[in-house]
Amino acid sequence: MATVTFDKAQRWYPGNDSPTVPGLDLEIGDGEFMVLVGPSGCGKSTSLRMLAGLEEINGGRILIGERDVTHVPPKDRDIAMVFQNYALYPHMTVADNMAFALKMAKVPAEEREKRVQEAAKILGLTEFLQRKPKALSGGQRQRVAMGRAIVRSPQVFCMDEPLSNLDAKMRVQTRTDIAKLQSDLGVTTVYVTHDQIEAMTMGDRVAVMKLGVLQQVDTPLNLYDRPVNLFVAGFIGSPQMNLIDAKAGKDGQAQIGNYLVPVDPAAAKQLGEGHNNITVGVRPEAWRLVGDGSGGLPVDVTVVEELGADGFVYGNCDVEGTPSNVIVRVSGRDHVSKGDRIYVTTDPQNVHVFDTDSGERLSD
Amino acid sequence: MATVTFDKAQRWYPGNDSPTVPGLDLEIGDGEFMVLVGPSGCGKSTSLRMLAGLEEINGGRILIGERDVTHVPPKDRDIAMVFQNYALYPHMTVADNMAFALKMAKVPAEEREKRVQEAAKILGLTEFLQRKPKALSGGQRQRVAMGRAIVRSPQVFCMDEPLSNLDAKMRVQTRTDIAKLQSDLGVTTVYVTHDQIEAMTMGDRVAVMKLGVLQQVDTPLNLYDRPVNLFVAGFIGSPQMNLIDAKAGKDGQAQIGNYLVPVDPAAAKQLGEGHNNITVGVRPEAWRLVGDGSGGLPVDVTVVEELGADGFVYGNCDVEGTPSNVIVRVSGRDHVSKGDRIYVTTDPQNVHVFDTDSGERLSD
Amino acid sequence: GSDGGSGSDSSTVTIWSSVDQPVQDGLLKALESKVSGDGIKIEWKKVENINQLIMTKIQAGDTPDIAFIPQPGVVKDMASLDAIQPLDDVVSQADKDSMVPGTLEAGTVDGKLYGLLVSANVKGLIFYPKKAWEAAGYPTSVESIDDLNALTEQIKSDGNTPWCMGIESDTATGWPATDWFETLVAKYGGVDEYNSWVSHDTPFDSDVVRQAADEFSTLLFTEGNVLGGQEAIASTNFGTAGNPMFDKKGPGCWMYNQGSFITGFFPKDIVANLDDEVGVFGFPPATAGGDNPIIGGGDMATLLNDSDNAKKVLAALAATDIGNDAAPSSSFISPHKDFDASLYPNDLTRSYAEVISGTTAFLFDGSDQMPGEVGAGTFWKDMTAWISGQEDLDTALSNIDASWPSS
Amino acid sequence: MTSTQTTPAAATPTAKQRKQNTGGGHADANPAKAGWATKLVLAILCVLWIVPIFGTFVTSFRPLDDANSTGWWNVFTHPGDLGHLTLDNYQRAIDGSNMGADMINSLAIALPATFIPILVAAFAAYAFTFMEFWGRDFLFLAIVSLLVVPNYVAFVPLLKIYRDLNLNGTFAAVWLAHIGFGMSLAIYILRNYMATLPKTVIESAKIDGASHFQTFFKLILPMSVPALASFAIFQFLWVWNDLLVALLFIGPGENEPVTIGLTHLKQQLGQGWELTTAGAFITMLLPIAVFLGLQRFFIRGLTAGAVKG
Amino acid sequence: MLAKALTALITVAIGIGGAMLVYYLLNKIAELLPERWEDRIKPYLYILPAFLAISVYLIYPAVLTVINSFKDRFSRNWVGTQNYSDLLSSPAFRDTLLNTLLWILIVPAVTVILGLLVATLADRLEPSGEKLAKTIIFLPMAISMVGAATIWRFVYYAAPAGQSQIGLQNALLGVFGKDPVAWLQQSQFHLNSLLLMVVLLWSQIGFSMVLLSAAVKGVPVDTLEAARIDGAGERQIFFRVVVPQIKGTIITVFITVTIGVMKIFDIVYVMTNGNFNTNVLGNEFYNQFSTNFNSGAAAAIVVMLMLAVIPIMWYQVRHFKAEEANA
Ligand SMILES: Nc1ncnc2c1ncn2[C@@H]1O[C@H](COP(=O)(O)OP(=O)(O)OP(=O)(O)O)[C@@H](O)[C@H]1O
Ligand SMILES: Nc1ncnc2c1ncn2[C@@H]1O[C@H](COP(=O)(O)OP(=O)(O)OP(=O)(O)O)[C@@H](O)[C@H]1O
Ligand SMILES: [Mg+2]
Ligand SMILES: [Mg+2]
């Protein structure tokens, strides 16, 4: 197995004004499961394709283990990939699609057969093995794409949103299977996803990208608890963290309208000292409902989303001049309904403070 | 605008052993937002394509409004569709892709331009309007597919997993935009998704399908609270409802090992009377942690998933002979760790009782 | 409009021919001066492959008024399709009388004249490089075939190669060999035997043909007689086969038996100086002083439209002086005995004309008279096969006989 | 290119690849770059292919007597011959034929005779590919089978029809003939290409309310460009080089195309080929230009990005 | 000349515009019909012009040909099957059939293989190199077949030994001190037929190259990428991913060339006119048709060709079925 190193790897699509990936620096440990997330179009697929050798590298290097693979053709990189757009072989049956890489590797027929059967079982494709891709549903095709990768035991897995078209149940199950498979084989894995749960549960570490630039690489929990900047804070977590402009007082106070935001001492220290525009971040589940008059942030409820177990309350905190949307997660059947005014507050350890201009995190 | 009626509509792909959709009966009200969910390969896309006129109907009828459209060509049905596989026009720019339908409808150039710009703005595609699809990322392509539909104001929207490749943030935002657009225009909409949140939040009603057969059509909350059968219970909700085999006593009691499951009276009445094999369903969030010795269900924790706000505990309730997996949602940072044994219980109103053999719901 | 002459404008007469441009220009000039008084306009088109074109057009019913056909066999086909008019009453008796004996027969089908020879050429002419020839002191006329054989031996014994020979000619490969055969059959068999052979009353597998083949192989297959040897004959182009006669380092071969037109293929500097560089004598008769028919060819005017104007034009074409403008500047040779020989551009041409006007019989090229299957088919092909050694003579002759159409 | 260091193992292929890459690559660049074996094979093929033409080309500048007596390579091996090279053949070919007017005629024949059958065939191919109708497969196969019928058998019946319609000698006569003769192949090629286009894209157009007519013009034609260009090249060539059809239906004269014009240079027994050859080289220029011009329609990934899966 | 060009231009415009108009009107007509009929009639309207063209230019003559094959040389009297029996009983004709078979066995396969080779290899060059290579290979196509034959007659030309060789092949032999060979007469092992095929291949590879090149470029790049990731070498990608995906085009080219070869005549006609045992059906047809003016025999040959094409079409049908089965 092997580590993967992006060393200032750059990709600039001809015809574009700027590089899609200006220079990626990322080290992925041997056997590590690295999840790559970021907004649509930020360069995730491009990075993956660079690693796989499908995009020309316009600058920098990529290493697998000790080996500089920057100019090594894909077939010699020993990578298995799940393409975002599947890229199935239309003329082959599902079984042949999955067996193709094994055939190329001259794996004996029996072994091949066995592995394909196994993968098909995991992916619920057994009864479709003799079909051609054209006669499959979207999710089935995606599973074939997945199957094509997991029959192999390569040095690196590249998976580009491999579960996006599966139903929740199947996704949970497959997610677990992949995680298990990956840890059994110990294959270094780079996994692109838009699913917050996948990102949070599957990865040893998560890399957050924006416009081709890495923002933060960290364990899921750290990412959630200590996002390094506004972007990461807003990106990780769903529904997203409430990010509200606040006034910073010299005395380490932060205020949203009349609501005095409880901030931790580390952040408080920096307030006012050059950091005048600050943004305060609170996750929806970190709000507590409090009664009127107990100093909470007043929120006028506009929408209530019931999710069964709990619900989300969307509303405005209409403090003078700065109307902001606020999302609050309320438990089970807290009786909040549209038009209500509720008051919420939170605790210092749940408050993230950022410099609005630089986006940089101020709180601890 | 118009209602949509599937009247025993059947689709049997040539070469398949059985019909993919044996006979769909579904009425969608005028302006209703109907969400279609079901496991991958169950026939959702097929149903949508039948409605759009892209699949031959092998039996039954489809009506839009009062009009029998079973044999009406797609172009005369006035439907906008987001294809699961996008089906973009590869030789046209993004702008032309979106404007195509308008051109066909002879919408004047200015109006066209305006609507395309609007849609592009909603979907964050403004800067890509002059690109061809092949130079877009996966999510951007999906947004173009979406944009192509929303520039129109048709009688019916058909959307086949239109957001599956978008990042969480964008998805939330687009979801809201679509919902707003739909309710503004009052266009009858059929929306296929695998996303539980989308299903629960967007739809006026949700239709659950399995192997081409409708299981339940109801409001999201009803679906969550009163799934009509085991399948729906297992399918709706993520992580899924805990479904555990239980022993039914004549006296209206249900037991899992030594754990006495609290069941509501309606269910209790039926227990034992012909319904000997029963399955008890409890949603993960419905469990409460209780102390040892307070009669809870013992669970040996195998995995703890931390999601930030809360976490999921996966474990086994190893009651004699029937080891079952159990998922428990624990709040914030309840200190549960792998290897622990925890005890959980719940309340009668949270317990769903099903006949294991027929799958039918017994509780109220 | 229509390119056929049967169209509306009857004052225009259309003529199609494949004759060389200078000949056409000359004939046209003379013709126009003759008929323009009648208000007739002439539209003369040069076309390729006139035989095929005309047969197609005839079947389609879309033809010119007059067409020049180089093959009597085609004239016959046209006549049997009733596509052409008899000319017996169109051409004046005086003009007919002035024609070289035998030229009318070629265009006669079932006793009626359908094709009128307008320009002629002569075959069976043996060309030699004049300067070298005279320097070597070889005879400038040969009296009999035996003498020819002797001359061949003589040249060979001088260490030279007597004969130039090539029968390759694109799609028509083999035809020069048939010219040889026709010449030999005519010389050995005489006019009647020749005509009987042409009409297949005498088969190919006959004594006279075998005799011709015998002489042919004596002259051309004998080791050292032909430049390149027997195997080169079929691959050497007829047009350039004679050129080695004029090699700068001395003739590569010394005699080339061909038609009068071959001079057009000689190198430029030779053509510029024909009378000094090239000598010619006729293929000798079988026995000295014996019957000496010659073989020739030419283009025959046929009448496809019996309008008066067309007839007038055809009659004009039959006149002796129609060639007055063509002769000085082209390869034109008149088929009329009383044509003014001084009009020819050089002595060489005059000598062909003498051969024609002085002959006892002008026999039209036999292969051109035979049905296409034979005349442009097996005769060429099987001769080629025989010469290149792929078939023996028996097979070749019986193949040709077998291919003769039954009807 | 910021990094220049590479491990030794990867060094060899690198240098070359980089050189190519600095161009920025192309959106449709093929990752499988040619190795030396590929280049060698192609080079050999190209040499084999070009030599006969090149020889003839050189010959077309030689005086006839030289051409008849020595091989064209003598021009290179005997530098003395080099001095003989002359434009005379070209001069005479141009003087002796009506090249200018004939070229215009040829164009006037070839353009519609290329364009119209493509349009007609594309419509038919569209119907055969994307529409359901009774007798579809049978009709299609019948059309393809007719490829085997030689044009010749049609000449006589056609001349008769044309005579009755008074079409002989007109451009329309040849256009129609070339349309008819090229139709089978055009339909065959286009249908088989169209069958490879992604079906959902066409479905998508239906949903967008496009009629067949619009789908055809706005989607199918643009996406079939490589096949259309291929056939356009062939058809243009065939028409441009055609002698037979032109000879029969137009014949020599005012409307004659170059091919007929060139035959005037040739004499009854084949003399004059050196002029026709020179003429042929002149007339070859246009088809080559057409080929080069249409080559840019052979692009990779025309339908890339259209569908997922 | 200017006036001429202008007239030509106008004619061209009328021709092309007229064609467009026809379709516009046809479409309009279809749209006037009641909806139910519109979609049923439309396909027929779309193929109508093509079908008309084919009817007049191919079907009608083909039917006449079948009829004529039972008539005499000028198509006047019925002769039963005599044309067939005459042909089939001639030994020369049997050789002709044999030669034709040889052409059919060799030429289409080689055309496809070479065309595919060039298309694939050139595809890997840089654009300028690709353009150059393809243009060179295509160049012979820009020359008529008759022109091609003329060019190659020079290559194969044999002058008598001792004379200077103007044919390239014999000149090369001469360099090695060998006597010239009359190439086109070498009928042992059908060498001369093979040499004629070389000419056809030389001039027609461009055809298959152009079509196959379009197809090769049409292969979805994703599948190639997937194969590279799957560890396939370029050769394996070619045979296992590219070729199966362009099978349709390969069959198209193969069938087109096969049918073309069945009626090939120009090259044979010009270079040997069937001499030295190189005759083929097409040439025989041509000679019967335009040298012998025997339309009966010519028609009989065409009918035989039409029969011979049936198995090929049967194969095409099967391919369609297979194609449809997984559509
Ligand atoms: N063209 C076809 N021929 C035969 N079977 C098909 C064809 N298309 C789909 N199927 C089968 O029909 C079933 C339903 O397909 P459909 O695409 O409707 O599924 P779906 O519910 O949309 O699934 P997904 O969520 O994976 O997209 C699947 O099992 C699929 O394999
Ligand atoms: N072939 C190309 N030519 C030019 N630009 C391209 C090309 N492919 C992608 N891009 C651009 O590069 C950017 C990054 O694309 P990439 O596919 O890496 O995004 P991504 O992060 O995978 O997004 P998604 O989540 O939507 O798949 C996008 O803005 C896209 O428009
Ligand atoms: Mg992507
Ligand atoms: Mg689907």
Side-chain angles (χ1 to χ4, degrees), chain C residues 49 51-56 58-59 73-74 77-78 80-81 161 164-174 226-229 231-237 240-241 243-244 247 252-253 371-378 380-385 387-391 399 402-403 405-407, chain E residues 68 72-77 79 82 86 89-92 146 149-150 153-154 156-164 166-167 170 179-188 192 265-266 268-279 283-284 286-297:
Chain C
N49 287 336
N51 293 342
Q52 291 153 27
L53 191 62
I54 206 72
M55 288 301 280
T56 311
I58 286 172
Q59 292 178 59
V74 175
D77 280 342
M78 290 164 78
S80 67
L81 282 171
T161 307
C164 308
M165 182 63 177
I167 61 168
E168 195 267 356
S169 170
D170 295 21
T171 62
T173 296
V226 168
L227 181 60
E231 58 271 26
I233 296 176
S235 63
T236 303
N237 183 266
T240 52
N243 289 5
D247 276 355
C253 51
E373 285 89 337
V374 181
T378 48
W380 295 352
K381 290 206 165 70
D382 286 284
M383 280 301 123
T384 307
I387 291 169
S388 63
Q390 293 184 313
E391 279 176 9
N399 275 354
S403 72
S406 37
S407 58
Chain E
N68 286 346
D72 67 9
R73 54 184 298 139
F74 292 127
S75 310
R76 283 188 294 207
N77 304 308
V79 296
Q82 195 194 332
D86 280 358
S89 63
S90 130
V146 175
T150 313
R153 269 167 12 101
F154 275 101
Y156 294 149
Y157 192 80
Q163 290 292 113
S164 126
I166 64 173
N170 281 321
D179 273 350
V181 174
W183 294 103
L184 294 177
Q185 295 175 36
Q186 308 305 311
S187 64
Q188 59 278 44
N192 47 4
F265 85 95
D266 353 34
V268 177
Y269 181 65
V270 175
M271 295 191 70
T272 64
N273 194 6
N275 280 317
F276 321 116
N277 192 18
T278 57
N279 207 10
N283 190 53
E284 184 61 27
Y286 185 78
N287 276 325
Q288 291 290 1
F289 190 80
S290 41
T291 309
N292 304 348
F293 306 117
N294 186 346
S295 72

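In what follows, chains are A, B, ... by sequence order, proteins preceding strands, each numbered from 1.
Remark: E/N273 CG to C/S169 OG distance equals 10.0 Å, nearest 0.5 Å. Atoms OG and CG, from C/S403 and E/D86 in turn, are 12.0 Å apart once rounded to the nearest 0.5 Å. Here the OG1-CG distance, from C/T173 to E/N275, works out to 6.0 Å after rounding to the nearest 0.5 Å.
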Exercise for the section: Any chance you could lay out the side chain to side chain contact (heavy atoms under 4.5 Å, CB included) test for E/F289 and C/M55, step after step, and finish with the verdict? Expected result: CA-CA 10 Å; E/F289 190 80; C/M55 288 301 280; over 6 Å; no

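Taking each heavy atom of C/K381 and E/G274 in turn, the nearest pair found is CE-C, 4.2 Å. Closest approach of E/S187 to C/Q390, counting heavy atoms only: OG-NE2, 3.0 Å.
In terms of heavy-atom pairs under 4.5 angstrom with chain E, the leader among C/L53, C/L81, C/N51 is C/L81. Taking C/G372, C/G166, C/A232 one by one and counting their heavy-atom pairs under 4.5 Å with chain E, the maximum is reached by C/G372. Options C/V374, C/N237, C/T56, C/V74 differ in how many heavy-atom pairs under 4.5 Å they form with chain E, and the most are formed by C/N237. Counting heavy-atom pairs closer than 4.5 Å to chain E, the top residue among C/S80, C/A385, C/C253 is C/S80. Options C/D382, C/L227, C/D247, C/N399 differ in how many heavy-atom pairs under 4.5 Å they form with chain E, and the most are formed by C/L227.
For chain C, the nearby part of E/Y157 is the side chain; its heavy atoms alone come within less than 4.5 Å. In this structure, the portion of E/F293 lying under 4.5 Å from any heavy atom of chain C is its side chain and not its backbone. The part of C/E168 that comes within reach of chain E is its side chain, from C-beta onward, which places non-hydrogen atoms under 4.5 angstrom from that chain. Only the side chain of E/N294 has a heavy atom closer than 4.5 Å to any heavy atom of chain C. For E/N287, the part lying near chain C is the side chain, with the backbone staying farther off; criterion is any non-hydrogen pair under 4.5 Å. Within the 4.5 angstrom heavy-atom criterion, only side-chain atoms of E/F74, from C-beta onward, approach chain C.
Side-chain contact between C/E373 and E/T291 is absent, with no heavy atoms from C-beta onward closer than 4.5 Å. Side-chain contact check for E/Q185 versus C/S235: some heavy-atom pair is nearer than 4.5 Å. E/R73 is listed as a side-chain neighbour of C/D77, based on a closest heavy-atom distance under 4.5 Å.
Here E/E284 pairs with nothing under the salt bridge (Lys or Arg N to Asp or Glu O under 4.0 Å) rule; sequence neighbours left out.
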